[in-house]
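To start, the structure itself, in structure tokens.
Here is how names work: the chains are called A, B, and so on, in the same order as the sequence lines, proteins then strands, and each is numbered from 1. Since the model is a prediction, treat every value here as computed from it, not as a measurement.
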2 protein chains.
Amino acid sequence: MIMEPRLYTTSADYVYQELRHRIITKQLKPGQRLPEVNIAVQMGVSRTPVREALRRLASEGLVLIIPNSGARLASPTRREMEDTYAVREQLECISVAIAATRISERNLRRLEDAILEEEKAFEEKNLELYLEVNENFHRIIADASGNRVLAEFVENILARTNAYVVFYDPFYDIVDNPSIAQHKAIAQALKERDREKAVDLMREHLKLSLYDLNKPS
Amino acid sequence: MIMEPRLYTTSADYVYQELRHRIITKQLKPGQRLPEVNIAVQMGVSRTPVREALRRLASEGLVLIIPNSGARLASPTRREMEDTYAVREQLECISVAIAATRISERNLRRLEDAILEEEKAFEEKNLELYLEVNENFHRIIADASGNRVLAEFVENILARTNAYVVFYDPFYDIVDNPSIAQHKAIAQALKERDREKAVDLMREHLKLSLYDLNKPS
DNA sequence: ACATGAATACATGCATGCTATCACATATCT
DNA sequence: AGATATGTGATAGCATGCATGTATTCATGT
């Protein structure tokens, strides 16, 4: 694996991004062991940055580290998945509620741009890109809340749930996904500064996402 | 610094605990630089476990790491503190709401034990111990929610807020602290399975905690 | 006096070798 | 046969040296 020149600030960051890429593209399977040397050799770095990346992923719940034993990719149960969405709902609803009262014009534009990019990824049927810009939509809202800590927590939970989509929705049908329409509605509610509507729409949106994960594929 | 035999599973964990101890006991000041070698020499370990501990603290918002530059202890603004409490309120209120419907007898007893220990620390005027058992009270409730992810997030935010108490309430008067009475009321509401009351009490409790931090000392 | 730039000191980033620990298989004893 | 003890392989944990990047200082020039 050739490391692009200077695309990442540190090797640890490179390994982290690359591991996430491999998770999203299903090159890694839930429960799979992730030996440090293994990854280090594959990515052309030493074990040190690999360790760091693994621990970062562990803090996002994507990797399970057992002391003196090793790391393996998480294999969340349905229960854990539901639990995660329960937390996500809390955090994102408060997030969008605050954002509704104070979102800037600039962030409203960023939201619209994000939706445009979602549509592009949708047309291209590029799942990885789609997940990325989808994540971005939610990130912008968390950001617009002006609450840094909240945004940090949302960031963490987005990392988890995005992986879950890949883990448990192997035939995830990007064609039928109604997320974009829901995103448009949320963006509109934010534009109108309609707090109640924005919160209700977000709640509904997340409930449906979870439903999508639960439905048999 | 002598490392007690086998009290910690790894050196990294030891350094992490020790750093937290030094934060709580005000041996470290907000904004202070935390050079790896420095800490490593003081604690009789190498830089590797120190790096790991620092990054863990960074994920809890207690340490700020600037790539290629170094780590320093966080110096949260009042705004950040309020933001943190806003998140904490969301997480702990949902936590106690769920706990009210399903808390086990065993966890109810653990809550009562925790309150007893709080009273003991209170009498001894042992701030560090008090913070620890106080944290424990909230941890048990998060645990009782049965939502592992939620408990994990609460754990993270407890680490933050406990440090804030030390950072911004230097003359924190443990004598006047009404927390224990509030904890008793919350435990009682949980015992009665009164969801509404438990949530209201928790919200009030956290609001007052934040107020305590804001009041001039 | 101020701005600019080079040199230097210092801290982190990373690689690598050694050690401790765990898991598993094999052997031994009851 | 079952349980316990022992040995072996593999992997994570840690220490350390070197490379790289950053910040500071001081000299130089305008």
Side-chain angles (χ1 to χ4, degrees), chain A residues 1-22 28-75, chain B residues 1-20 22-23 28-75:
Chain A
M1 181 59 56
I2 289 139
M3 186 168 147
E4 309 293 328
R6 294 296 79 195
L7 259 173
Y8 307 93
T9 54
T10 65
S11 292
D13 195 47
Y14 164 70
V15 174
Y16 169 78
Q17 304 279 358
E18 179 63 23
L19 281 173
R20 288 212 53 179
H21 170 71
R22 292 188 185 186
L28 299 175
K29 295 191 200 341
Q32 176 176 344
R33 296 196 61 179
L34 303 170
E36 293 173 0
V37 271
N38 210 312
I39 299 167
V41 171
Q42 280 179 47
M43 301 196 184
V45 297
S46 77
R47 287 170 47 217
T48 312
V50 173
R51 282 176 67 83
E52 235 162 70
L54 286 174
R55 275 150 208 281
R56 189 167 157 199
L57 288 166
S59 80
E60 290 169 347
L62 294 182
V63 159
L64 185 69
I65 293 178
I66 299 162
N68 282 314
S69 167
R72 51 183 56 214
L73 196 53
S75 55
Chain B
M1 178 63 52
I2 289 139
M3 187 167 148
E4 308 293 329
R6 294 296 78 193
L7 260 174
Y8 308 94
T9 55
T10 65
S11 291
D13 194 46
Y14 164 68
V15 173
Y16 169 79
Q17 304 281 358
E18 179 63 23
L19 281 174
R20 287 212 55 181
R22 292 190 185 185
I23 292 170
L28 299 175
K29 296 191 198 338
Q32 175 177 344
R33 295 195 63 177
L34 302 170
E36 293 172 1
V37 271
N38 211 313
I39 299 167
V41 171
Q42 279 179 48
M43 302 197 183
V45 298
S46 78
R47 285 172 47 216
T48 311
V50 173
R51 281 176 70 84
E52 238 164 67
L54 286 174
R55 276 152 209 281
R56 189 166 157 203
L57 288 165
S59 80
E60 290 170 346
L62 293 183
V63 159
L64 184 70
I65 292 178
I66 299 162
N68 282 316
S69 169
R72 51 183 58 214
L73 195 53
S75 55

Taking only N/O atoms, report every protein-nucleotides 7-11 of chain C pair under 3.5 Å with atom names and distance.
none

Point to revise | Separation of C:dT12 C1' from B:I39 CD1 (nearest whole Å) | key: 13 Å

Exercise for review: To the nearest 0.5 Å, tell me how far B:T48 OG1 sits from A:E52 CD.
Suggested key: 10.0 Å

Study note, to complete from the structure: A:M43 atom CE is separated from C:dC14 atom C1', nearest whole Å, by 16 Å

Check your understanding: With a non-hydrogen cut-off below 4.0 angstrom, is B:A40 in contact with a base, only sugar-phosphate, or nothing?
Key -> nothing

Practice item. Could you tell me whether the side chain of A:R55 reaches within less than 4.5 Å of the side chain of B:R55, counting heavy atoms only? Key: no

Check your understanding: Taking it one step at a time, do A:L34 and A:L57 satisfy side chain to side chain contact (heavy atoms under 4.5 Å, CB included)?
Key -> CA-CA 12 Å; A:L34 303 170; A:L57 288 166; over 6 Å; no

**Study point:** Under the side chain to side chain contact (heavy atoms under 4.5 Å, CB included) test, residues paired with B:E36 that sit two or more places apart
**Key:** B:R47, B:V50, B:R51, B:L54

Study note, to complete from the structure: Nearest heavy-atom contact between B:V15 and B:A53 is CG1-CB, 3.6 Å

Check your understanding: Rounded to whole angstrom units, what separation is found between the CG atom of B:L64 and the C1' atom of C:dT12?
Key -> 15 Å

Point to revise | Note, A:R56 side chain near A:V63 side chain (heavy atom, < 4.5 Å) | key: no

**Study point:** Sub-4.0 Å heavy-atom contacts from residues 46-61 of chain B onto DNA chain D, ordered by number
**Key:** B:S46, B:R47, B:T48, B:P49

Exercise for review: List in chain and number order the residues that pass side chain to side chain donor-acceptor pair (under 3.5 Å) with A:R72, two or more places apart in sequence or in another chain; answer none if no residue qualifies.
Suggested key: none

Exercise for review: Please report, rounded to the nearest Å, how far the P atom of C:dT21 is from the CD1 atom of A:I66.
Suggested key: 18 Å

**Study point:** Distance-minimising heavy-atom pair for B:E60 and B:Y16
**Key:** OE2-OH, 2.7 Å

Check your understanding: Can you tell if the side chain of A:L19 reaches within under 4.5 Å of the side chain of A:L62, non-hydrogen atoms only?
Key -> no

Check your understanding: Can you name the residues that form a side chain to side chain donor-acceptor pair (under 3.5 Å) with A:N38, not counting sequence neighbours?
Key -> A:Q42

**Study point:** Nearest-Å distance for atom pair OH/P, residues B:Y14 and D:dC14
**Key:** 13 Å

Check your understanding: Of all heavy-atom pairs between A:S75 and A:G31, which one has the smallest distance, and what is that distance?
Key -> CB-N, 3.8 Å

Distances under 3.5 Å between protein N/O atoms and the N/O atoms of nucleotides 6-8 of chain D, please, pair by pair.
none

